[in-house]
Amino acid sequence: MADKPVTTSYDLPVSEPLRQLMRTGWASPDQSVNSAKAEVADFAAARRAKISAAFPGLRLVIPAGVFKVRNNDCDYRFRANTAFVHLTGMSAGDITPESVLVLNPISGGHEALLYIHLRNDRNEETFYRDRRHGEFWVGPRLSIADAEKIYGIKVCDVKELKLLLDKKVESIAMRGEDSFVDQNVAAHARENDLIIALSELRLIKDDFEIKQMRHAVDATIKGFADIVKALPQAVVHPRGERVIDAAFYGRARVEGNELGYDTIAASGAHACVLHWIRNDGVVKSGDLILVDAGVEVESHYTADITRTIPVNGKFNSAQRQIYELVLAAQSAGIAAVKPGAKYRDINNACMKVLAEGLHELGVLTISAAESLKPENGLHRRWSVHASGHMLGLDVHDCAKARSDQYLDGVLQVGEVLTVEPGLYIQPDDQLFPAEFRGIGVRIEDDILVTENGSENLSAKLPRTVSEIENWIVELQK
Ligand code: GLY
Ligand code: MN
Ligand code: MN
């Protein structure tokens with residue numbers, strides 16, 4: 001925690017007269033409460049109540065995290081720890097680094113205490129000298145009164161956190177996010193239980209979260225339209241993939257907080273590199289371009305959508321064959337999403353269609369049934385990744401959930417997950433005829449498990465061959 005202003009070697013010295021001048025001449029601070037309670041506040045309180053019930057009598061310390069250095073004295077844009085976001089409901093613009101949520105045990109449960117950096121007093125030198133926390137540098141923070149009103153949590157000065165932590169109560173901290181917390185809370189045998197509980201708490205989305213997911217998906221769909229509109233510029237630029245990347249990034253920043261993850265803009269054979277995020281290649285007419293991108297909105301929820309589209313607006317025959325096969329696999333995967341079904345059914349449904357298609361194409365020389373046996377899995381030469389994951393505040397949400405709740409579990413109403421099969425025929429793959437080499441296709445949508453089965457949240461984005469071809473014509477008119 002910064003007690004002294006964070007300055008650098010090239011900051012100008014401050015004379016005593018300037019120091020004095022900076023203390024005077026400011027209007028007295030507005031003490032009124034300028035904000036209304038946020039819609040998320042009651043949802044976040046209900047989430048905290050569940051964690052409270054799972055850890056009776058224990059103090060739980062959940063840091064928002066600290067700045068991460070990008071280079072020298074420049075930090076990455078701050079993005080708070082996901083568990084902190086989930087339990088406080090705070091939106092991106094309201095969270096400052098070094099904030100900490102404490103669930104402090106009291107009789108009958110826990111009291112939530114939110115420790116934040118307070119607004120700078122104009123008497124404090126940090127106001128204009130601290131490049132990390134001074135409001136002259138980083139902008140005004142929430143007042144205690146406003147933060148309490150908006151989020152419905154008791155708010156305290158982060159400078160007083162040590163006083164609380166020094167009052168020894170059996171405590172569990174989420175470690176590795178904030179060295180101050182790590183140093184001031186002793187290790188506890190149940191740390192991993194807390195991590196698991198916080199991850200599993202996010203499996204079923206509440207109504208606020210589903211609304212935010214819809215918002216993230218809608219912003220992402222707009223970003224995909226921007227991509228299609230940018231294709232003509234991408235084709236004439238030596239780093240056309242960057243033109244696509246930048247088109248989506250603009251939308252993410254305008255509509256949301258950030259990207260939910262680095263965009264994959266993979267043209268031609270780059271689509272066969274699963275995490276192609278260099279995005280520095282050409283975009284050639286006649287090739288496909290695979291774009292995997294998601295807008296993270298201000299509440300930190302992200303979409304995760306992939307479309308593979310023909311750069312010149314028309315799939316050729318080989319491209320279309322592979323695309324139709326992946327589309328059929330994805331449709332089978334989406335059809336497998338329903339409450340009570342096994343999570344693994346989704347992947348199995350996708351893989352069955354892919355294996356059968358690869359056998360029909362003559363490249364999988366054993367039967368699909370043989371290949372689908374776990375001890376074989378030869379079809380996976382062309383499809384090595386899983387066909388989806390949970391989605392929410394993290395693109396790969398709930399990753400610390402136990403396998404009986406997730407990978408080996410049963411689908412439940414309110415879960416949001418991706419279905420994203422793909423086929424990737426490497427450019428040097430001698431098992432496929434030449435016209436297929438270098439084709440990579442993935443189709444990814446965001447699916448909500450509902451009482452009746454599922455809802456494709458990203459259904460408005462064109463998905464079939466004809467829808468995509470017509471969409472490109474419409475947007476490039
Ligand atoms: N964009 C990462 C993923 O689809 O999982
Ligand atoms: Mn994706
Ligand atoms: Mn995904």
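Just so you know, ligand 1 is whichever comes first in the structure, and atom 1 is the first atom listed for that ligand. FYI, the numbering just counts along the sequence from 1.
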Nearest 0.5 angstrom please: Asp292 CG to Thr308 OG1, how far?
9.0 Å
Parallel, tilted or perpendicular, judged at 30° and 60°: which one describes the rings of Tyr323 and Phe315?
tilted
Any N or O of Glu444 that comes nearer than 3.5 Å to an N or O of ligand 1?
yes
So, regarding His396 and ligand 1 (criterion: nitrogen or oxygen to nitrogen or oxygen, under 3.5 Å), is there a contact or not?
yes
Looking only at side chains, do [X] and [Y] share a donor and an acceptor under 3.5 Å apart?
| X | Y | result |
| --- | --- | --- |
| Glu258 | Tyr249 | yes |
| His117 | Thr96 | no |
| Glu420 | His389 | yes |

Is His389 close enough that one of its N/O/S atoms sits under 2.8 Å from the Mn ion (ligand 3)?
yes
Any N/O/S atom, backbone or side chain, of Glu444 lying under 2.8 Å from the Mn ion (ligand 3)?
yes
Side chain, backbone, both or neither: Asp304 near ligand 1, heavy atoms under 4.0 Å
side chain
Testing the basics here: between Gly388 and Tyr343, what is the closest heavy-atom pair and its distance to 0.1 Å?
O-OH, 3.2 Å
Relative to the heavy atoms of [X], which atoms of ligand 1 are at a distance of less than 4.0 Å?
| X | answer |
| --- | --- |
| Tyr261 | 1 (N) |
| Asp292 | 1 (N), 2 (C), 3 (C), 4 (O) |
| His389 | 3 (C), 4 (O), 5 (O) |

For the residue pair Phe55 and His110, is the inter-centroid distance of their aromatic rings smaller than 6.0 Å?
no
In degrees, rounded to 10 degrees, what angle do Asp304 atom OD2 and Glu420 atom OE2 make at the Mn ion (ligand 3)?
160°
